[in-house]
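For ligands, and for the atoms within them, numbers begin at 1 and follow the listed sequence.
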Amino acid sequence: MQRINSLSEYFKKYELSEKNPESFWSEIADSFTWKKKWDKVLDWDFENVSINWFQNAKLNITENIFERNLKERGDKTAIIWEPNDPNESPIHLTYKKLYEETCRFSNALRSKGIKKGDRVIIYMPMVPEAAIAMLACARVGAVHSVVFAGFSSTSLADRINDCQAKMVLTSDGNFRGSKTIPVKSVVDEALEKCSTIESVIVLERTKQAVEMFEGRDFWWHDCVSEETNICDAEVLDSEDMLFILYTSGSTGKPKGVVHSSAGYMVYSAYTFQNVFQYDENDIYWCTADVGWITGHSYIVYGPLLCGATTVMFEGVPTFPNVSRFWDIVDKFKINQFYTAPTAIRALQAHGLEPLKNNSLESLKVIGSVGEPINEEAWHWYHDNIGKGNCPLVDTWWQTETGGIMISALAGITPNKPAHASLPLPGIHPVIVDPEGNELVGNNVQGNLCIKFPWPSIIRTTYGDHQRCINTYFSNYKGMYFTGDGVKRDHDGYLRILGRVDDVINVSGHRMGTAEVENAINEHEEVIESAVVGYPHDIKGEGIYAYVIINSQSSDDKVKGEIVDVVRRVIGPIAKPDKIQIVSGLPKTRSGKIMRRILRKVASNDFGNLGDTSTLLNPDVVEEIINGAN
Ligand code: PRX
């Protein structure tokens with residue numbers, strides 16, 4: 001894998017990627033194994049969103065993880081799995097063992113009738129089998145869609161129905177901190193609303209009692225027991241779908257972001273290698289869950305494509321105590337550590353005491369992802385975890401981008417607190433004003449767009465291509481719109497300012513305000529609701545809900561019930577932090593809710609509410625201010 005070793009080399013590569021993107025990317029793609037090479041590197045059209053990388057090439061991503069690595073790295077550890085309970089032994093899976101287990105499970109998938117193009121839902125805890133499940137799908141050409149195991153049965157059912165999945169891979173339960181959480185029963189509940197699922201494969205993890213439905217449900221261990229550890233990889237076209245991952249937007253239900261085989265492979269591996277500057281014997285740990293894009297690209301695909309040792313952690317940072325992350329760093333002598341600002345802020349709140357027995361001296365690189373990192377958290381992380389001498393890579397990217405887009409390259413790009421810094425080679429960001437004019441030069445601020453395709457750019461939103469065009473490629477002609485605001489400072493370094501649309505980012509989890517409102521509105525006493533984000537010390541943003549109810553019961557009772565409804569409809573991650581019962585919502589004469597005002601009130605920023613005279617109901621603003629939490 002091509003690796004950039006100096007800042008001057010970065011600038012050289014960047015220039016090449018601008019002047020001759022095809023030659024830049026084909027050089028990188030050359031280091032992979034192809035069944036057939038491409039006829040043309042790139043064909044693209046942002047108007048109809050038709051993007052074709054490595055045209056007509058044939059490959060299988062798992063051959064690039066296994067067959068390409070096995071000879072030199074067969075006995076090298078691919079995955080280290082750290083269980084929830086530190087007293088349970090970790091598992092070290094070599095590349096050879098991971099290959100055999102993947103083949104065995106690939107054969108099991110085929111035995112159950114799964115073939116190229118079929119959609120398979122993975123609803124599993126953070127166990128090695130979750131990675132094996134993803135890789136086995138990729139091996140047989142099935143399209144995986146991992147659903148975070150904290151989502152509710154309704155969210156799971158929505159995703160199954162949207163992609164018309166044929167199979168669900170799951171577990172009996174999930175160990176999470178001091179809790180044991182049911183998983184299979186959530187699947188059972190979801191499947192009451194789904195008609196396309198033919199079979200469910202259940203991994204035994206917690207050994208809790210589950211119901212198994214004859215003819216539909218099978219135990220993982222039974223499925224693999226008779227299978228061999230050799231399995232031919234399906235030959236895929238470069239643009240064949242690799243996976244679908246659902247993510248939230250400003251409107252409607254979550255959409256299925258589609259990534260394709262070749263481009264995603266090339267980009268996830270290239271960015272992993274270069275951002276983290278991985279060396280052959282390093283131990284790398286990303287604390288994300290495989291249910292999110294970070295887990296896909298930087299626990300599973302990127303590291304394994306590069307022959308790295310990647311750590312998977314089943315538990316939470318606070319169990320059995322708040323030293324857990326740092327104990328794991330020392331236990332496995334982690335070299336690269338990649339986590340979210342929310343985790344940093346939560347651990348920072350406990351002070352330095354939990355660090356006193358940890359050396360952390362193995363760390364070479366620390367990383368941040370998922371939300372803006374504030375300067376205070378940046379410095380705490382840099383000084384106390386990185387001991388002041390580890391480069392901190394603040395990596396900006398999205399589910400739709402498939403891989404890291406703007407980030408320092410560890411040890412190469414100078415660090416600047418709270419700045420994602422510079423675009424990776426091949427990434428051409430532009431800052432635009434609301435009219436779409438490009439703001440050139442330094443010291444400018446506006447909306448972040450990307451004007452040229454990169455290999456792992458979103459290809460479509462599953463089942464609704466027009467939605468993909470409308471959401472990402474219509475706001476600004478000829479550009480991909482990210483939904484984020486950005487500032488280019490006097491040095492040309494980029495600082496991400498957060499979402500400029502109706503998406504909020506709670507603890508690094510992306511949520512549509514409309515999605516949370518729809519869930520709240522399911523409570524029978526609720527007439528209308530409006531959800532906004534507000535600054536939260538730990539979570540980055542908290543969820544603030546304004547709700548109109550027609551209830552005679554007490555506000556507190558209804559508030560509690562609303563929280564329960566949101567947990568049930570979406571999952572615990574979407575539950576509102578604050579609920580304010582109101583008699584009306586500020587609306588324009590055309591009936592649109594003025595969210596600007598609601599955001600200001602939620603942020604305790606009452607000073608400058610702007611012009612409220614055009615409101616249909618200006619009186620309600622005072623009531624809202626007086627009742628603010
Ligand atoms: O607002 C940006 C924020 O997370 C959004 C993407 O969320 P998701 O698709 O769930 O992917 C998260 C993991 C890649 C972005 O639109 N975001 C992500 N990374 C950063 C960030 N905001 C600021 N700085 C970052 N490093």
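Of all the atoms in ligand 1, the ones that sit under 4.0 Å from a non-hydrogen atom of Ile496 are 22 (N), 23 (C). Residue Asp394 has at least one heavy-atom neighbour below 4.0 Å for each of these atoms of ligand 1: 24 (N), 25 (C), 26 (N). Listed by number with element, the atoms of ligand 1 under 4.0 Å from a non-hydrogen atom of Thr395 are 19 (N), 20 (C), 25 (C), 26 (N). For ligand 1, the atoms lying closer than 4.0 Å to a non-hydrogen atom of Asn505 are 3 (C), 4 (O). Within ligand 1, the atoms closer than 4.0 Å to a non-hydrogen atom of Trp397 are 6 (C), 14 (C), 15 (C), 18 (C), 19 (N), numbered from 1 in the order shown.
The 12-atom threshold is exceeded at CD of Gln445, counting heavy atoms of other residues, nucleotides or ligands nearer than 6.0 Å.
Between Thr482 and ligand 1, no N or O atom pair is found at a separation short of 3.5 Å. Geometrically, ligand 1 and Ser368 share no nitrogen or oxygen pair separated by less than 3.5 Å.
Below 30°, between 30° and 60°, or above 60°: for Phe337 and Phe325 the angle between ring planes is above 60°, a perpendicular geometry. Ring-plane geometry between Tyr338 and Tyr284 is classed as tilted, the angle between the planes lying from 30 to 60 degrees on a 0 to 90 degree scale. By the 30° and 60° cut-offs, the orientation of the rings of Phe46 relative to Trp44 is perpendicular. In this structure, Phe148 and His509 have tilted ring planes: the angle between them lies in the 30° to 60° band.
The single protein non-hydrogen atom nearest to atom 2 (C) of ligand 1 is Asp484 OD2, 3.1 Å, given as residue, atom name and distance. Of the protein's heavy atoms, Pro372 N, 3.1 Å lies nearest to atom 23 (C) of ligand 1. Closest to atom 7 (O) of ligand 1 among all protein heavy atoms lies Arg510 CD, 3.4 Å. The shortest contact between atom 12 (C) of ligand 1 and any protein heavy atom is with Gly370 CA, 4.1 Å.
Exactly one of Asn48, Thr460, Asn470 qualifies for a side chain to side chain donor-acceptor pair (under 3.5 Å) with His465. That residue is Thr460.
Counting heavy atoms closer than 4.0 Å to ligand 1, residue Ile373 contributes nothing at all. Contact annotation for Thr399 and ligand 1: heavy atoms of both the backbone and the side chain come within less than 4.0 Å of the ligand. Counting heavy atoms under 4.0 Å from ligand 1, residue Glu371 touches it through the backbone alone.
Considering Thr247, Val503, Leu497, Thr294 only, the shortest heavy-atom separation from atom 13 (C) of ligand 1 involves Thr294.
Here the CE atom belonging to Met126 is positioned 8.5 Å from the OG1 atom belonging to Thr287, to the nearest 0.5 angstrom.
Ring-centre distance between His259 and Phe243: below the 6.0 Å cut-off. No close placement of the Tyr301 and His296 rings is indicated, their centers lying 6.0 Å or farther apart. When ring centroids are compared, Tyr480 and Phe473 come within the 6.0 Å threshold.
For Ala420, the heavy-atom gap to ligand 1 stays at 4.0 angstrom or more.
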